2 protein chains.
Amino acid sequence: MRPKNLEKEEAIRNIALQIIAEEGLENLSMQKLAKAANVSPRTIYIKYENKEDFLITLFIEDVLGAYEKAVLENFNPEADFAQGVKKIWLNTFRYLKENRNSFALLQYGKSSPLLNKAFQRENIKQGHFFAPIHHFLRLNVSKDIIRDFPHDVHRAMLFSPLLDLVNEYFDYKERPEQIITEQIILECCEAVIKGMLK
Amino acid sequence: MRPKNLEKEEAIRNIALQIIAEEGLENLSMQKLAKAANVSPRTIYIKYENKEDFLITLFIEDVLGAYEKAVLENFNPEADFAQGVKKIWLNTFRYLKENRNSFALLQYGKSSPLLNKAFQRENIKQGHFFAPIHHFLRLNVSKDIIRDFPHDVHRAMLFSPLLDLVNEYFDYKERPEQIITEQIILECCEAVIKGMLK
DNA sequence: CTTGTAAGTAAACGTTTATTTACTTACGTT
DNA sequence: AACGTAAGTAAATAAACGTTTACTTACAAG
């Protein structure tokens, strides 16, 4: 039996992310993707049932999976609140900065109904993404260090300004001013921490 | 000369927003839109040059314009900082809650390169969106009430958690728990204010 | 070293896409 | 009341779409 060419699989996924980042999800077609990856359209359909299946797998397994892993690297849920949040912010910023293409599809997770629903299904089906962060937050609530909010509200407070800043980082990336630096990220992080504390 | 049928123009825009909200921007086609609006495809091209022109106009003029107007209603840039921010948050939440379809396209503004670039061009070309909020923030910086950040960073801190909460409001809308209430919004708003203060 | 089998390809499938052509309709102006 | 003109339509355009068919290739097992 002829074995799979894993390089081709990876090329397909990477080029898909690149097209999405440069032209948008609405301009990604299977034919364009196949041509850009130097592959027959049929090759994509060996692994994926159809376009939706491909996009959902790319989003959940490739993008969200790697993103979660990077964010949680060396993160200790038992650590001091400020320490923990700073670790999360730096991990996130450093990872996304170097992975613009993944970030682009990540952003579509909030707008595209297909991806948004897939995320919710996945979150319910096999436990929560970012479970250690959930644990970290509950721990700090029970220690009376931060205010008690529903978990999704905590997540909005913790992640959304950061993701917005990453977006702005890329908007400004090729301009001389370069507004979003690691220092700004850390200062903004401190403000968010201060707001969450009791 | 036969006059324009303004009802038809409005129907086209409203149904476009509805399709985008329900099926995603990537599933909006001019033919589907024309059929759903009970109009010939050619009719759409009377007002708009092509699909991109249509989407950008819909996004900038229809969605962002109305959103800005709703957010700034009765907002006084000279008001007390906490008061001002609360007014913005309540205006935003109450407006978006009732305008899910506009909100859907608004969300695509961060992910779709077409809309993202259009927004940046527009922001540079004819002064900033939300200029009164810019003024409000600079005023509070100069009064030494809040920390000094680049304006885009301030905007990220101020708006992005709120928009995330609106997203969650719709995710939970048809479930019994109904997590995102006006009370939660206000509590979260207080946390954001606290974080921004000096 | 043949052979079974899944990986992979090129070309094609019918459908849908964005946009246009050729035509009709409705109405303010003369 | 006829006319000019822009609004509006139905049908058609070529190109691109997602997906499949029919075929070839490469390799592990016998």
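Residue numbers start from 1 in every chain, and the chains themselves are labelled A, B, ... in the order their sequence lines are given, proteins ahead of strands. From a predicted model like this one, the values you see are computed outputs, not experimental measurements.
Judged as a side-chain contact (heavy atoms from CB on, under 4.5 Å), and not counting sequence neighbours, the contacts of B:Lys47 are B:Lys4, B:Glu9, B:Arg13. Remark: A:His128 pairs with A:Asn123 by the side-chain contact (heavy atoms from CB on, under 4.5 Å) rule, at least two apart or across chains. Under the salt bridge (charged side-chain N to carboxylate O under 4.0 Å, His left out) criterion, A:Glu122 pairs with A:Lys125, not counting sequence neighbours. With sequence neighbours excluded, no residue forms a side-chain contact (heavy atoms from CB on, under 4.5 Å) with B:Lys69.
Centroid-to-centroid, the aromatic rings of A:Phe159 and A:Phe130 come within less than 6.0 Å. Between B:Phe129 and B:Phe119, the distance separating the two ring centers is shorter than 6.0 angstrom. A distance below 6.0 Å separates the ring centres of B:Phe136 and B:Phe75. For an aromatic pair to be called close, the ring centres must be under 6.0 Å apart, and A:Phe93 with A:Tyr169 satisfies this.
Proximity of a side-chain donor or acceptor of A:Tyr108 to a complementary backbone N or O of A:Leu25 within less than 3.5 Å is detected. Between the side chain of B:Asp62 and the backbone N or O of B:Leu58, no donor-acceptor pair lies under 3.5 Å.
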Under-3.5 Å N/O pairs linking protein and nucleotides 26-29 of chain C:
| residue | atom | partner | partner atom | Å |
| --- | --- | --- | --- | --- |
| C:dC27 | O2 | B:Met1 | N | 3.2 |

Might you list the N or O atoms of the protein lying below 3.5 Å from N or O atoms in nucleotides 10-15 of chain D, with each pair's distance?
| residue | atom | partner | partner atom | Å |
| --- | --- | --- | --- | --- |
| D:dA10 | N7 | B:Ser40 | OG | 3.2 |

List the atom pairs, donor and acceptor, that lie under 3.5 Å between side-chain atoms in residues 34-44 of chain A and the rest of the protein, sequence neighbours left out.
| residue | atom | partner | partner atom | Å |
| --- | --- | --- | --- | --- |
| A:Ser40 | OG | A:Arg42 | N | 3.3 |
| A:Thr43 | OG1 | A:Ser40 | O | 3.3 |

Only pairs under 3.5 Å count here: list side-chain donor-acceptor contacts from residues 80-88 of chain A, not counting sequence neighbours, and write none if there are none.
| residue | atom | partner | partner atom | Å |
| --- | --- | --- | --- | --- |
| A:Asp80 | OD2 | A:Ala82 | N | 3.4 |
| A:Asp80 | OD2 | A:Gln83 | N | 3.1 |

Using residues 185-198 of chain B as the side-chain source, report each donor-acceptor pair under 3.5 Å to any protein atom, sequence neighbours left out, with the distance given to one decimal.
| residue | atom | partner | partner atom | Å |
| --- | --- | --- | --- | --- |
| B:Glu187 | OE2 | B:Gln183 | NE2 | 2.6 |
| B:Lys194 | NZ | A:Leu197 | O | 2.7 |
| B:Lys198 | NZ | B:Asp144 | OD1 | 2.9 |

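Contact annotation: the side chain of B:Phe170 approaches that of B:Val166 to within less than 4.5 Å [non-hydrogen atoms, C-beta and beyond].
Defining each end axis of the helix from C:dC1-D:dG30 to C:dT30-D:dA1 as the rotation carrying four pairs' C1' atoms onto the next four, with five pairs an end, the two axes are found to diverge by 10° to 10 degrees.
Of the residues in residues 43-60 of chain A, A:Thr43, A:Ile46 come within less than 4.0 Å of DNA chain C through at least one heavy atom, sorted by number. The stretch residues 4-29 of chain A touches DNA chain C through A:Lys4, A:Asn5, A:Lys8, each having a heavy atom under 4.0 angstrom from the strand.
Computed from coordinates, the B:Lys35 NZ to C:dA18 C1' distance equals 15 Å when rounded to whole Å.
With respect to B:Arg155 and A:Asp164, no salt bridge is recorded, no charged nitrogen being found less than 4.0 Å from a carboxylate O.
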